[in-house]
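Report on the following structure.
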Amino acid sequence: MDLALKDIRRHLGKFIATIAGVAMLLAIVLVMNGIYQGNIADGIWLIENTATDLWVVERGRGGPFNESSRMPLDSYKSVAATPGVAKASPLVFYSAQRDISGVSQQFTIIGYDVFGGLGGPGRIVLGRAIEAPHYELVADRKLGLDLGDKVTFGTHEYTVVGVTRGAVDSGGNPLIYLSLPDAQEVQFQQDNRALVASRAASLKRLERAGYSTEQANRLLPLLSSTSDTVNAVLVKLAPGAEGAQVVRHIGDWLYFNVYTTDEERNLMLEGKLSKMSAVLGLFRALLILVSIVIIALIIYVLTIEKIRSIATLKLIGAPNWVIVRLIMEQSLALTLASFAVAYGLRELIVPGFPRTLTFLAGETAATFAVMLAGGVLASLMAIWHALRTPPQLALGG
Amino acid sequence: MPVLEVDNVSMTFGQGELAVQALKPATFSVEGGELAALLGPSGSGKSTLLLAISLILEPTTGRIALNGREVYNNGPTGIDVRAYRRQNIGFIFQQHNLIPFLTAAENVALVMQLNGAGRRDAAKHARELLGYLEIAHRADWLPANLSGGERQRVAIGRALANEPRLVLADEPTAALDTERGTKVMGLLRKIARERQSAVITVTHDHRMIEGFDTVYHLDDGKLTETTRAVVAH
């Protein structure tokens, strides 16, 4: 007679409610796994999906993503002239928060050389790449834009010509690709009143320094900020070129920092992502621990509730395996059913989740194994308690 | 040959100065078909004697034999104690102690299955046994839905499920009113007579003394007096 199943059948409502509770907790653990891996995937997405061999950035800077880097626009020409370089392209990128479709949205703008340059969108799922020098853009579908939609940045209107999927920055924000001059204009464009105020302030400073108004007006253009800067130069090596030699050459002669894609990835993992990964990892570990403790407590309580029945079983001579089977089966049923429901819940949560969730089969299997081991361990504690229960407990009034 | 022979069985809890002799050396025997009572006030050692007979608690000294087979002689004789209880003894408790998540029939069938019966055979015989106890109509009911008297009859059914030569009942009428208690006692008498089982009942309920074949009086752990009725088995 399968006592565990009989007990479950008689207390089905209670068992289902317990499974639902544990499953919700396990679903959070599984989603946390997804957030953890999604955070890493987002963080290195741009690095992994930019077809480049080297990242050239401002001297002494830790790559374009972990630290700001500004280089003269023309620096890409010097890099292109380095022996072993097949192609060098300028790249700008910056975070922005603007109204898109009437909603304030945060995103990252990538400006690249649209005429054969490096750093363009790699995963266009709808439409095409930018082909015109101005007023076209490629946006990620997270922004809710469709082909042909118009987006206004500053005084210009940009048309969506392509849509990507999963193109995000290290913070999980969607990317918008623009041509390099458009991206620079959007970044540095000021409204007219701000420009007038800035010019007046500069004029006043020059006059205070002893320049005449005429001299100050002549000097003014030299003080205005320039938009002719880029954040990085991407490099494609010529076939057969020695990467290390090119890196050394650019570093020594052009006085820039150069990172390979692997180094750039490591910079990201050890820099910007490390703290967040540590926090998420800690939360994940705590959640797993809490889940195991809760499963253990539930199994223990389920056993304690039956302790008088267990004493009766011992008193009427039931062998220990009958009691062990009763507890172990319920423990396994609870753990397996909860995990299955949690898995289903996870699948329901994924499509509407605001951040990228990345699930690794091995990690899900490992979580399952840890939960199962926790369930078995908990049932061993309950079994230990049950087997120590004296049969005469059944005689108590 | 008596079904049960108890020879100088005693029970002491603790050691040295803290030792308490809960049961002083007791000697008696019970025949098949005999309905015996262990009568005495609370704390007199009745339940302790029952626990010693069933080897739930190991006696300190003495000898116990069941069906002529020695199961204890100043120490275990190497038998499997659980199997000894499972195969030879039927238990009836004051609070029925039915497994709450099993139906009446399942509670009875469980003991049969623990003794090796197949699922179908056990289910069939459990219903027959409940019929014998006139409670077949409640076979599929859970204990929670049965009255006190019905639960006790199911508990008796469970005690008989392994066709034991010895039935030990610990205050089976204590939780019942006089009418239901009398019915249960009648049932125990019927079992003793018809199945030739030795039935030992612990009680301090003087209402139920009539009808016992033998009454063993216990006082402060000592078997003080034996009253025998003249009955033709």
Side-chain angles (χ1 to χ4, degrees), chain A residues 1-19 298-299 301-334 337 382-383 386-397, chain B residues 42 46-48 50-52 54-57 80-103 105-119 122-123 126 142-145 155 158-159 161-162 164 168-171 174-175 202:
Chain A
M1 188 179 294
D2 195 327
L3 294 176
L5 280 181
K6 298 269 182 199
D7 186 28
I8 289 169
R9 201 180 298 162
R10 299 286 184 259
H11 301 107
L12 199 58
K14 184 179 157 190
F15 200 72
I16 288 172
T18 308
I19 285 173
I298 288 171
I299 290 165
V301 168
L302 282 176
T303 305
I304 296 299
E305 282 176 350
K306 283 191 285 288
I307 208 70
R308 204 172 159 106
S309 295
I310 287 169
T312 303
L313 283 170
K314 292 175 86 172
L315 197 139
I316 63 176
N320 281 342
W321 65 261
V322 172
I323 296 156
V324 171
R325 187 178 159 197
L326 165 66
I327 298 168
M328 192 65 93
E329 271 187 15
Q330 287 200 338
S331 166
L332 290 178
L334 178 75
I383 286 166
L387 294 184
R388 276 169 50 94
T389 300
Q392 57 267 36
L393 184 73
L395 300 173
Chain B
S42 280
K46 310 182 297 290
S47 294
T48 305
L50 220 56
L51 293 172
S54 53
L55 297 184
I56 289 168
L57 291 180
D80 177 347
V81 173
R82 294 266 184 103
Y84 159 69
R85 287 205 294 271
R86 187 166 68 236
Q87 290 159 6
N88 300 296
I89 305 175
F91 289 95
I92 303 164
F93 310 102
Q94 181 180 335
Q95 297 291 340
H96 68 77
N97 280 33
L98 295 172
I99 307 292
F101 50 85
L102 299 181
T103 62
E106 286 168 347
N107 262 288
V108 177
L110 172 66
V111 177
M112 296 174 180
Q113 284 188 256
L114 289 176
N115 278 297
R119 194 166 56 87
L142 288 172
N145 300 326
R158 182 177 65 184
N162 56 348
L168 301 177
D170 188 14
E171 310 228 21
V202 162

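Every chain is numbered from 1 and lettered A, B, ... according to where its sequence line falls, protein lines coming before strand lines. Hydrogens, waters and symmetry mates are skipped; everything else that's a heavy atom, side chains included, is used.
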Practice task
Would you sort out whether A/Arg10 and B/Ile99 count as a side chain to side chain contact (heavy atoms under 4.5 Å, CB included), showing the intermediate values?
Solution key: CA-CA 11 Å; A/Arg10 299 286 184 259; B/Ile99 307 292; over 6 Å; no
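- For B/Thr103, the parts sitting under 4.5 Å from any heavy atom of chain A are the backbone and the side chain alike.
- The distance from atom CG of B/Leu110 to atom NZ of A/Lys6, rounded to the nearest 0.5 Å, is 10.0 Å.
- Heavy-atom distances place both the backbone and the side chain of A/Leu3 under 4.5 Å from chain B.
- For B/Arg85 (side chain) and A/Ile316 (main-chain N/O), no donor-acceptor pair under 3.5 Å exists by modelled atom type.
- With sequence neighbours excluded, no residue satisfies side-chain hydrogen bond (donor to acceptor under 3.5 Å, both in side chains) with B/Arg86.
- Proximity to chain A is absent for every atom of B/Ile89, based on heavy atoms less than 4.5 angstrom apart.
- To the nearest 0.5 Å, atom CZ of residue B/Phe93 and atom CG of residue A/Leu315 are 4.0 Å apart.
- For chain A, no part of B/Glu171 is nearby; none of its heavy atoms comes within less than 4.5 Å.
- A/Arg308 contributes no side-chain N or O that, together with a main-chain N or O of B/Asn97, makes up a donor-acceptor pair within less than 3.5 Å.
- Of all the listed residues (A/Val322, A/Ile310, A/Asn320), the one sharing the greatest number of non-hydrogen pairs under 4.5 Å with chain B is A/Asn320.
- Contact annotation for B/Ala122: neither backbone nor side-chain heavy atoms come within less than 4.5 Å of a heavy atom of chain A.
- If you measure heavy-atom distances from B/Leu50 to chain A, you find no contacts under 4.5 Å at all.
- Remark: A/Lys314 pairs with no residue by the side-chain hydrogen bond (donor to acceptor under 3.5 Å, both in side chains) rule, at least two apart or across chains.
- Between A/Ile8 atom CD1 and B/Phe101 atom CZ the span is 10.0 Å, to the nearest 0.5 Å.
- For the pair A/Pro319/B/Leu114, a side-chain contact is recorded, criterion being any heavy-atom separation below 4.5 Å from C-beta on.
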